[in-house]
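Everything below concerns the one structure shown next.
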Amino acid sequence: MAMARRVPELVGLINRNRNMSFKSLDPPSSLTHGIHVFRCPDAVGILAKLSDCIASRGGNILAADVFVPENKQVFYSRSDFLFDPIKWPRVQMEEDFLKLSQTFNAIRSVVRVPALDPKYKIAVLASKQDHCLVDLLHGWQDGRLPVDITCVISNHHRGSNTHVIRFLERHGIPYHDLCTTKENKREGEILQLVQNTDFLVLARYMQILSGNFLRSYRNDIINIHHGLLPSFKGGNPSKQAFEAGVKLIGATSHFVTEELDAGPIIEQMVERVSHRDNLQSFVQKSENLEKQCLSKAIRSYCELRVLPYEEKKTVVF
């Protein structure tokens with residue numbers, strides 16, 4: 001059984017409801033919201049030191065999530081806090097958390113201030129189907145997704161009068177039409193186009209990225225699979241599930257690895273179906289899940305809620 005640890009003097013500061021929204025907390029105009037995630041070998045007093053680091057600079061913890069897996073001797077945490085950037089400058093904050101990470105030999109220590117730090121730069125790769133791509137573009141437009149889209153890359157040609165192309169031209173987002181063949185996946189050209197991005201999003205990109213591409217790119221790649229992994233891997237999982245007569249359908253957002261559809265899972269969503277569904281309604285429900293699942297995975301990633309756990313798992317706070 002995994003253990004969730006509480007330090008007595010910090011009980012009032014810890015909230016493990018991962019659905020808690022901080023938008024309802026209206027801080028004074030002088031205060032700014034920060035996020036810190038920590039992964040290190042387990043030891044006594046880590047949470048107390050984290051709290052003291054923030055409090056000593058006048059910060060106030062809004063919520064803290066902690067996870068210590070049983071018999072693993074690893075400590076995971078994510079803290080949301082308010083601070084005054086005048087009293088605690090961004091550079092000083094980095095130094096303070098660096099000292100803390102050195103004290104505990106941290107494997108990962110990342111701090112992010114959404115109002116001050118640049119948004120994550122992403123490129124979106126898509127194929128023929130538009131539903132996930134369009135949802136991401138609208139999510140970016142209305143601010144639901146805290147990212148900057150540097151470009152859209154597709155192996156499918158779209159005409160100048162299509163909704164996607166008109167949207168991209170209106171907002172100045174480059175579109176790269178890179179038709180692929182079995183012999184040439186155009187991966188060298190894609191690498192050139194995405195070299196300054198923080199991570200990639202595959203919005204129903206129906207091409208398998210090679211191990212050479214993954215090793216060359218090095219940053220994370222988030223994919224949406226239109227099925228509830230590990231079931232119905234590979235092509236046409238909606239049809240596979242429909243023919244199997246399942247009563248629950250799903251969508252899975254996961255990190256891309258060299259093993260097809262087997263990367264660490266970030267988010268999964270399900271919806272009930274029945275014998276009354278035909279293939280068309282089945283696919284429509286599946287596509288709606290895909291949009292929601294991919295969007296939530298991207299938000300979770302940008303909010304530092306996703307941490308690697310063991311080889312093929314994630315901790316999602």
Side-chain angles (χ1 to χ4, degrees), residues 120-141 145 147-227 229 232-240 251-263 279-280 283-284 286-287 290-291 293-295 297-298:
Y120 288 106
K121 293 182 179 180
I122 72 168
V124 181
L125 280 69
S127 291
K128 184 176 182 178
Q129 291 183 295
D130 282 344
H131 59 282
C132 285
L133 172 59
V134 169
D135 187 70
L136 292 185
L137 294 175
H138 289 165
W140 164 80
Q141 182 184 35
L145 296 178
V147 298
D148 281 331
I149 300 176
T150 63
C151 67
V152 173
I153 301 168
S154 179
N155 64 327
H156 173 74
H157 176 72
R158 287 176 170 83
S160 59
N161 200 36
T162 59
H163 172 69
V164 168
I165 298 300
R166 292 200 309 269
F167 182 98
L168 296 176
E169 289 179 346
R170 187 162 63 249
H171 294 281
I173 300 174
Y175 179 81
H176 301 282
D177 183 355
L178 300 181
C179 293
T180 60
T181 64
K182 289 183 179 180
E183 295 75 26
N184 185 4
K185 300 293 186 180
R186 313 286 291 272
E187 289 188 345
E189 294 165 81
I190 295 173
L191 281 170
Q192 287 294 318
L193 294 170
V194 304
Q195 60 183 340
N196 294 320
T197 57
D198 296 301
F199 66 98
L200 302 182
V201 176
L202 307 187
R204 294 301 305 277
Y205 185 63
M206 307 306 290
Q207 298 291 314
I208 298 174
L209 298 175
S210 71
N212 286 335
F213 181 94
L214 301 182
R215 288 186 290 272
S216 298
Y217 179 63
R218 302 181 66 181
N219 294 341
D220 289 324
I221 303 174
I222 297 176
N223 183 45
I224 183 67
H225 178 80
H226 46 307
L229 293 175
F232 309 118
K233 292 183 180 181
N236 217 342
S238 292
K239 188 171 185 292
Q240 292 181 51
T252 303
S253 188
H254 64 95
F255 290 114
V256 175
T257 60
E258 290 192 47
E259 187 178 354
L260 179 64
D261 294 332
L279 183 57
Q280 182 179 1
V283 170
Q284 182 60 58
S286 179
E287 289 182 353
E290 292 163 29
K291 294 187 291 186
C293 187
L294 181 58
S295 180
I298 294 170

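Side-chain atoms are counted along with the backbone in the values below, which use heavy atoms only and exclude waters and symmetry mates. One is the number of the first residue; the rest follow in order along the sequence.
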Taking the side chain as C-beta and beyond, is there a heavy-atom pair between [X] and [Y] under 4.5 Å?
X      : Y      : value
Leu200 : Tyr205 : no
Thr197 : Ile122 : no
Leu133 : Leu137 : yes
Leu294 : Ile222 : yes
Asn223 : Phe255 : no

In sequence, state the C-alpha distance, the side-chain angles, and the governing distance for Lys128 and Met206, and then conclude on side chain to side chain contact (heavy atoms under 4.5 Å, CB included).
CA-CA 8 Å; Lys128 184 176 182 178; Met206 307 306 290; over 6 Å; no
In chain order, what residues pass the ring pair (Phe, Tyr, Trp, His ring centres under 6.0 Å) check against Phe167, with sequence neighbours excluded?
His138, His171
So, for [X] and [Y], which heavy atoms are closest and what is the spacing to 0.1 Å?
X      : Y      : answer
Ala262 : His254 : N-CE1, 4.4 Å
His156 : Ser154 : N-OG, 2.9 Å
Ser253 : Ala297 : OG-CB, 3.1 Å
Cys132 : Ala203 : CB-CB, 3.9 Å
Asp177 : Cys179 : OD1-SG, 3.5 Å
Ile224 : Ala251 : CD1-CB, 4.2 Å

Kindly compute the distance separating [atom1] ([X]) from [atom2] ([Y]), expressed to the nearest 0.5 Å.
X      : Y      : atom1 : atom2 : result
Gln141 : Ile149 : CD    : CD1   : 10.0 Å
Glu290 : Thr252 : CD    : OG1   : 10.0 Å
Leu125 : Leu193 : CG    : CG    : 9.0 Å
Asn219 : Tyr120 : CG    : OH    : 11.0 Å

Sequence neighbours left out, what passes side chain to side chain donor-acceptor pair (under 3.5 Å) with [X]? Give chain and number order.
X      : answer
Asp198 : none
Ser210 : Glu187
Asp135 : none
Lys291 : none

So for atom NZ, which belongs to Lys121, do other residues, nucleotides or ligands contribute more than 12 heavy atoms lying within a distance under 6.0 Å?
no
With a 6.0 Å cut-off (strictly less than), is the heavy-atom count around CD1 of Ile208, excluding the residue itself, greater than 12?
no
For [X], check salt bridge (charged side-chain N to carboxylate O under 4.0 Å, His left out) against everything at least two apart and list the hits.
X      : answer
Arg166 : none
Asp130 : Arg158
Glu258 : Arg215
Arg218 : none

If you apply the rule side chain to side chain contact (heavy atoms under 4.5 Å, CB included), what do you find for Tyr175 with Ile173, and how did you get there?
CA-CA 7 Å; Tyr175 179 81; Ile173 300 174; over 6 Å; no
Who passes side-chain contact (heavy atoms from CB on, under 4.5 Å) against [X], sequence neighbours left out?
X      : answer
Glu189 : Leu178, Arg186
Ser160 : none
Asp148 : Lys119, Trp140

Stepwise side chain to side chain contact (heavy atoms under 4.5 Å, CB included) check, Leu136 with Ile298:
CA-CA 10 Å; Leu136 292 185; Ile298 294 170; 3.6 Å; yes
Apply side chain to side chain contact (heavy atoms under 4.5 Å, CB included) to the pair Val152 and Leu168, showing each step before the final yes or no.
CA-CA 9 Å; Val152 173; Leu168 296 176; 3.9 Å; yes
